[in-house]
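Inspection log for the structure reproduced underneath, given as structure tokens.
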Amino acid sequence: MATYVTSDAHGHVRALDRALEMARPGTQDTVFVLGDMVDRGPDPLGVITLVRSLSNVHVLMGNHEAMLLETILKGDQLDMTSWHMNGGFVTSEQLDALPRERYAELMDWLAALPTFAVVETDDARPTAAPGARRMHVLCHAGIDAPRLRASLAQAGVGPDGRGGYAYATAEDLLGAMVSQQVEDLLWIRREFWSSPTGLVGLDGRGPVVVAGHTPSILLGRYARLMCGTGVDENLRGVMVEVGPTRDTGGVADRICIDCSAAAGYPSGRVGVMRLEDRRVWYADINEGE
């Protein structure tokens with residue numbers, strides 16, 4: 001069984017479908033979708049329909065889902081205008097066209113989406129020790145790392161002898177993540193990408209944070225110690241590992257999986273990553289889709 005992650009399809013259902021077709025997650029595998037299914041692209045509800053059709057899928061809320069819900073809840077014209085300016089016009093049109101029961105069911109589903117998850121996987125990278133395991137903290141935008149470490153400390157979970165949190169369990173991390181501000185989980189950028197999390201120790205062990213939200217083509221504005229520039233040779237977005245240093249045993253403690261689909265053609269892509277070995281499949285967004 002493998003674990004796959006994707007994020008920020010932003011209405012580009014055809015590219016998401018192609019990326020998933022290449023990755024081919026099986027019925028026994030798990031897929032995590034880290035939000036921002038809607039807005040920007042031409043078929044946001046198509047993305048949601050595709051995501052919900054997947055076997056064993058877990059969906060997290062993104063800032064665009066939160067913006068959608070807040071706008072509809074308030075019914076304020078200023079909020080509606082702001083949402084439309086942020087790419088919500090097509091989403092709004094598609095929602096208005098839904099039958100009443102379908103609309104209500106979809107709103108209930110979106111409102112119930114969690115803002116974070118924790119998953120433990122095999123670490124099958126070539127550099128990993130045989131039988132190694134790795135905790136991953138998943139969220140849309142990122143975390144307040146000092147707050148997370150403080151919450152772990154309050155629960156009696158401190159760094160190990162190598163400075164990391166390799167012994168933090170999924171239960172420990174889930175309990176600590178409860179103290180995160182929802183605003184950070186959905187919107188944070190510079191504070192998260194510019195500083196190490198302090199979760200990975202000198203031996204390279206410890207939880208890695210996986211997030212989207214910040215398009216990889218713009219990641220260089222915020223992140224330090226990127227493994228690459230955020231684009232390929234054709235200037236299309238790519239997933240980026242961030243933060244490998246001697247203090248982390250050369251292991252990246254953060255991964256950006258937003259392949260810039262919000263930009264559309266020609267620089268945008270949708271990507272799917274298998275966490276066990278960090279293999280990635282990309283689908284370019286073609287002109288007109």
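Remember, predicted model here, so these are calculated numbers, not experimental data.
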ask   = Can you tell me how far the CZ atom of Arg24 sits from the CH2 atom of Trp281, to the nearest 0.5 Å?
value = 11.5 Å
message = Applying ring-ring contact (aromatic ring centres under 6.0 Å, His included) as the test, list every pair that has at least one member in residues 42-92; sequence neighbours left out.
response = His10-His64, Phe32-His58, His84-Phe89
message = Taking the basic N atoms (NZ, or NE/NH1/NH2) and the acidic carboxylate oxygens, is any pair closer than 4.0 Å for Glu21 and Arg14?
response = no
inquiry  = Would the distance check show the side chain of Ser55 and the main-chain N or O of Thr27 forming a donor-acceptor pair, the cut-off being under 3.5 Å?
reply    = no
task = Considering only NZ, NE, NH1 and NH2 on the basic side and carboxylate oxygens on the acidic side, decide whether Asp123 and Arg125 come within less than 4.0 Å.
result = yes
task = Hey, could you give me each pair passing ring-ring contact (aromatic ring centres under 6.0 Å, His included) that has a residue in residues 133-167? Not counting sequence neighbours.
result = His140-His213
ask   = Any donor-acceptor pair under 3.5 Å linking the side chain of Asn86 with the backbone of Ser82?
value = yes
ask   = Checking Ser179 side chain against Ala176 main chain: does a donor-acceptor pair fall under 3.5 Å?
value = yes
task = Say whether, by atom type as modelled, one donor and one acceptor occur between the side chain of Asp258 and the main chain of Asp8 under 3.5 angstrom.
result = no
query = Can you name the side chain to side chain donor-acceptor pair (under 3.5 Å) partners of Glu70, sequence neighbours left out?
reply = Lys74
key: Distance under 6.0 Å and angle within 45° of ring axis: Arg224 vs Trp193   = no
message = I want to check something: taking the side chain as every heavy atom from C-beta on, are Asp284 and Tyr265 in contact at a cut-off of under 4.5 Å?
response = no
inquiry  = Taking side-chain contact (heavy atoms from CB on, under 4.5 Å) as the definition, give me every residue that meets it alongside Asp232, ordered by chain and number, with sequence neighbours left out.
reply    = Asn234, Arg236, Val238, Arg269
inquiry  = As an exercise, state the distance from CE of Met80 to CD1 of Ile72, rounded to the nearest 0.5 Å.
reply    = 6.5 Å
ask   = About how many Å separate CE of Met107 and CG of Leu73, when rounded to the nearest 0.5 Å?
value = 11.5 Å
ask   = Are any side-chain N or O atoms of Glu120 and backbone N or O atoms of Ala170, one a donor and one an acceptor, separated by less than 3.5 Å?
value = no
request  = Could you pull out the closest heavy-atom pair between Gln180 and Leu148, with the gap in Å?
outcome  = NE2-N, 3.5 Å
inquiry  = The test is salt bridge (charged side-chain N to carboxylate O under 4.0 Å, His left out); show your working for Arg18 and Glu289 and say whether it passes.
reply    = CA-CA 12 Å; Arg18 289 195 298 271; Glu289 58 176 48; 2.5 Å; yes
ask   = Could you state the interatomic distance from CD1 (Ile143) to CZ (Arg254), rounded to the nearest 0.5 Å?
value = 9.5 Å
key: Linked, directly or transitively: Leu185 and Val242 (ILVMFWY side chains, under 4.5 Å)   = yes
ask   = Checking Thr6 side chain against Gly271 main chain: does a donor-acceptor pair fall under 3.5 Å?
value = yes
message = Would you compute the distance between atom CD1 of Ile285 and atom SG of Cys259 and round it to the nearest 0.5 angstrom?
response = 9.5 Å
key: Any residue meeting side chain to side chain donor-acceptor pair (under 3.5 Å) with Arg274, in chain and number order, not counting sequence neighbours   = Asp277
message = Using a 3.5 Å distance criterion without hydrogens, assess whether the side chain of Thr214 forms a donor-acceptor pair with backbone atoms of Leu219.
response = no
Heavy atoms from other residues, nucleotides or ligands near CD of Glu171 exceed 12 (cutoff 6.0 Å) = no
task = Please step through salt bridge (charged side-chain N to carboxylate O under 4.0 Å, His left out) for the pair Glu191 and Arg147, ending with a clear verdict.
result = CA-CA 12 Å; Glu191 297 88 344; Arg147 179 186 288 268; over 6 Å; no
task = Could you walk me through whether Ser216 and Ser260 pass the side chain to side chain donor-acceptor pair (under 3.5 Å) test, one step at a time?
result = CA-CA 6 Å; Ser216 64; Ser260 309; 3.3 Å; yes
Check residues 196-211 and write down every donor-acceptor pair under 3.5 Å in which the side-chain atom is one partner and the other belongs to a residue at least two apart or another chain.
from   : atom 1 : to     : atom 2 : distance (Å)
Thr197 : OG1    : Leu199 : N      : 3.2
Thr197 : OG1    : Asp253 : OD2    : 3.2
Asp203 : OD1    : Arg205 : N      : 3.1

task = Check whether any side-chain N or O of Arg190 sits under 3.5 Å from a backbone N or O of Arg221 as a donor-acceptor pair, and report yes or no.
result = yes
key: Met135 and Val119: CA distance, side-chain angles, deciding distance, side-chain contact (heavy atoms from CB on, under 4.5 Å) verdict   = CA-CA 6 Å; Met135 287 292 183; Val119 61; over 6 Å; no
message = I need the Asp108 CG to Tyr103 OH distance, nearest 0.5 Å.
response = 10.5 Å
request  = State, yes or no, whether a side-chain contact exists between Leu225 and Thr245 at a heavy-atom distance under 4.5 Å.
outcome  = yes
task = Taking only Lys NZ, Arg NE, NH1 and NH2, and the carboxylate oxygens of Asp or Glu, determine whether Glu241 and Arg278 approach each other closer than 4.0 Å.
result = yes
query = Within the side chain of Thr49, is there an N or O that forms a donor-acceptor pair under 3.5 Å with the backbone of Leu45?
reply = yes
query = Thinking salt bridges, do Arg133 and Asp122 make one under a 4.0 Å N-O criterion?
reply = yes
query = Ignoring hydrogens and geometry, is there a side-chain-to-backbone donor-acceptor pair from Thr81 to Gln77 under 3.5 Å?
reply = yes
inquiry  = Is it the case that over 12 heavy atoms from other parts of the model lie below 6.0 angstrom from the CE atom of Met1?
reply    = no
